[in-house]
Amino acid sequence: MLYLNVYMLLINIFAFHFMLFDKQSARKSKRRIPEKVLFTFALLGGSAGVFLGMLFFRHKTKHITFTVLIPSLTAAQIIAYFFIRNYLV
């Protein structure tokens, strides 16, 4: 269980920081992080970090794929996390 908690914490911190970095890069017209990378982090468990990054930095909020998929994925991962924590361990 400890490994799952540490993994979830780290992947979400990385995802949140990637959203911050991409927002800063967008403002400075520098090289951006591909959306594919952000979605990959979200699929690997970092959807809460991506979602919080969207809210905190107001980033990718006009992209329908982000505004629909990321909150849905976050809800599904939270449910899966609590299921795993309460019933499988």
Heavy-atom side-chain proximity of [X] to [Y] below 4.5 angstrom:
X: F41; Y: N12; value: no
X: L4; Y: M1; value: yes
X: I70; Y: K60; value: no
X: T67; Y: M54; value: yes
X: T74; Y: I78; value: yes

First locate atom [atom1] of [X], then atom [atom2] of [Y], and finally report the distance between them rounded to the nearest 0.5 Å.
X: K23; Y: R58; atom1: NZ; atom2: CZ; result: 7.5 Å
X: F57; Y: L52; atom1: CZ; atom2: CG; result: 9.0 Å
X: Q77; Y: L44; atom1: CD; atom2: CG; result: 8.5 Å
X: L20; Y: S25; atom1: CG; atom2: OG; result: 9.0 Å
X: H63; Y: L69; atom1: NE2; atom2: CG; result: 13.5 Å

Discussion item. Exactly one of I33, V50, I13 should register a side chain to side chain contact (heavy atoms under 4.5 Å, CB included) with F18. Which one does?
Written reply: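 Result for side chain to side chain contact (heavy atoms under 4.5 Å, CB included) with F18: I33.
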Worksheet item: If every non-hydrogen atom of G53 is compared with every non-hydrogen atom of M19, which pair is closest and at what distance?
Response: CA-CB, 4.0 Å
Discussion item. Taking ring-ring contact (aromatic ring centres under 6.0 Å, His included) as the criterion, tell me which of F21, F56, F51 meets it with F16.
Written reply: F56
Establish whether [X] and [Y] are linked, either directly or via other cluster members, by ILVMFWY side-chain heavy-atom contacts under 4.5 Å.
X: L73; Y: V68; result: no
X: I79; Y: L9; result: no
X: Y3; Y: M8; result: no

Worksheet item: Under the 3.5 angstrom rule, does the side chain of E35 hit a backbone N or O of F66 as a donor-acceptor pair?
Response: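 No, E35 side chain to F66 backbone: no donor-acceptor pair under 3.5 Å.
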